[in-house]
Undergrad: 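Sharing a structure below in structure tokens format, with a few things to ask.
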Amino acid sequence: MASAEEDMRLERRLAKKLKVKSGRLTNANDDLDMLLEGIPPMTDSLREIGKVDKNAQDTDLHLKTIKMDSVYEDLDDKISSSEGSEEYNSLNSDQEHEDAYLAPVYPKKNLQTSRLLEKHDDSSSSEQGQEVDTRISSNTEASGPPKTEVALDKLPNKGPGKYVAPHLRFRGGNELAEYAEQRRRLRGLLNRLSETNVESITGEISALFQSVGRAVGTQIVTDEIVTSCSGGPRGNEQYAAVFASFVAGMASLVGIDFGAKLLSRLANCFEEEYMKEDNLSLRNLTLLLSHLFVFGVCSSDLIYDFLIMLGKRLTEVDVSTILTVLKCCGMKLRLDDPVGMKIFINSIQSRVNELKASADSEQSNISSKRMEFMIETIFDIKNNKKRSKEETVQHTRIKKWLQKLRVDDILIRGLKWSKLLDPNKKGQWWLSGDIASTIENIEEVAGTIDKEIPETKKMLQLAASMRMNTSARNAIFCVIMSGEDYIDAFEKLLGLDLPGKQDREIMRVLVECCLQEKVFNEYYCILASKLCSHDKNHKFTLQYCLWDHFKELESMPLLRSMHLAKFTARMIETFSLSLAVLKAVDLSDPAKLTPKRIMHFRMLFGAIFEFSDKKVWNIFTRIAVTPEYEALRSGVELFISKYVLSSQKSVASKFRIAKKALNNIEGLVM
């Protein structure tokens, strides 16, 4: 608001223009005195205003300013009503400056603040008094929009709230609108899911999955699937099979991690429903888990671990759950892993005997008919009296569709029920070695494996004779030597969960077992190739292991050297390794080629030349493209021509193929 001195100066200017002397106009009497009668002098008003405390409230100052403006406006109306006044034009030209000068001073504000203030006033206009509204509306032109006088601290806080991490945004119902819309679309697609349209809906949901991001998409889809199964009505096997085939298809399209995270979500939901004793939800979730095994999302290891966990408790709910699994996939479990079925049956028998011997009547009388039916079902499966369920036409079609998607590549092996429930899972926990082992002492692992082997003492004595001097080596040795086949050994090796760098011992123990055999055994080659295809770290370990053995060729027995040559040739044939493994050996230096070395590498190339022409071409082509292998190529060609052809004339044709392959710079393979 203008100061009192400035107001007095303005009053004198106005009086001079109006030619006022002693409160009267000098022109002819135009009755203005009568109109202005009763209005106090401006000096009195300005003195009263000057006495106002500068620290008064903004609202009081604003109302006083409006009152003063109304006085000036009335004066302007009186003057403008007179006709023929020559001073009217000059007054009118200066009136705009007076209005602007006498108008209240408003704080400067940006456009955004003005809009917020306007919105706030629009919403709260009904709460303001009618008297104040009347005054403001009558003085809008003179004093400006008073609605901007609203205090900023009274405005609603529309700024951004507290930051929420992405993995916590779905908790507490604060899901983004975009994700909520995607969830509704997904729910609609899942509601229409059936055996006839599972392929098309899987394709649509995979596209929707990619549009929202991998982490968010996985969480939304897994939540909807598990919720629809646990919270839905009583499901049947057809219902569970459709959802399991959908999960298998999604895992094939978007990655193995999708299936692993869904299994983890399913396991946690199962435990929650188990605490609530909701039999309906437990049955639905059990059917889904069983069909996930049928359609190749998880292996039999997880199902057997789940069954053994239920068998240790063996309450009435556990008995019903075991029966559901055995009815759904009991024969397939027996076919995939007969040893696992035997272990499960033994655990059930021991638990049943404990319950019968227990003095607790409540546990000993668990629905005897249901218990007897479960035991009969188990023994029927054991004795192969149960028939496998005949697949419907729709199931056959779905399995063919999954085979086209290469569902075998997303099979999760070596997974345990406890790992699914572990809240501290990190990284790619579904892959062996990518999660820190929960077993601090590897002796516990070795002890667990030893209990499963009938001839424990003999096996440990044999391990000691082969320099298996640590608990980790003992455990690995027992698994390799007691495996039913290479698949069984591979899965058990993954189940060891060796901490740190102890998984490097697997390849070293495997090669040592192979070299200790009296007759060369292809079992070790196949198992080594399987391990190399599963984890590339095993390739590097195998390569360093072979280099260590190459350094010992001078002191190595002939039988051991022959087994090493055959093993290396088979690794090169399966492309687990390449001929580049020989770069640690200088084949072109005669001074380093002792008789034992020459004999060993002659057996190696002789074994390679026993393969087909196509494989020989591809083996030598692998080192033809890289320029860094020039010395290796010349050394290999020199060694074969000098030491191999001289004793084996039959390999001349294969050597010609090898020479052409070594010059195959384009890297063309057959």
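Along the sequence shown, the residues carry numbers beginning at 1.
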Undergrad: For the CD atom on E277, are there more than 12 heavy atoms of other groups (residues, nucleotides or ligands in this structure) within a distance under 6.0 Å?
TA: no
Undergrad: For A248, check side-chain contact (heavy atoms from CB on, under 4.5 Å) against everything at least two apart and list the hits.
TA: F295, V297, L402, V407
Undergrad: Does NZ or CZ of K614 come closer than 6.0 Å to the centre of the six-membered ring of W617, within 45° of the ring's axis?
TA: no
Undergrad: Where the side chain of N284 meets the backbone of S230, is there a donor-acceptor pair that is under 3.5 Å apart?
TA: no
Undergrad: Counting N and O atoms only, with roles assigned by atom type, does the side chain of K615 sit under 3.5 Å from a partner on the main chain of E573, one being a donor and the other an acceptor?
TA: no
Undergrad: Hey, what do you get for CG (L262) to CG (L292), rounding to the nearest 0.5 Å?
TA: 6.5 Å
Undergrad: Answer yes or no: is there a donor N or O on one side and an acceptor on the other, between the side chain of D318 and the main chain of T315, under 3.5 Å?
TA: yes
Undergrad: Would a line drawn from the ring center of Y486 to the ring center of Y524 be shorter than 6.0 Å?
TA: no
Undergrad: Check for a donor-acceptor pair, side chain of D535 on one end and backbone N or O of H538 on the other, with a separation under 3.5 Å.
TA: no
Undergrad: I'd like to know if the side chain of N279 and the backbone of V317 have a donor-acceptor N/O pair within less than 3.5 Å.
TA: no
Undergrad: Can we call the ring centroids of Y239 and F243 under 6.0 Å apart?
TA: yes
Undergrad: For the side chain of Y304 and the backbone of M341, is there at least one donor-acceptor N/O pair under 3.5 Å apart?
TA: yes
Undergrad: In terms of ring plane angle, is the pair H395 and H291 parallel, tilted or perpendicular, where the classes change at 30° and 60°?
TA: perpendicular
Undergrad: Roughly how far, to the nearest 0.5 Å, is CZ of R313 from CD1 of I322?
TA: 9.5 Å
Undergrad: Over 60° means perpendicular and under 30° means parallel, so tell me whether F306 and F270 are parallel, tilted or perpendicular.
TA: perpendicular
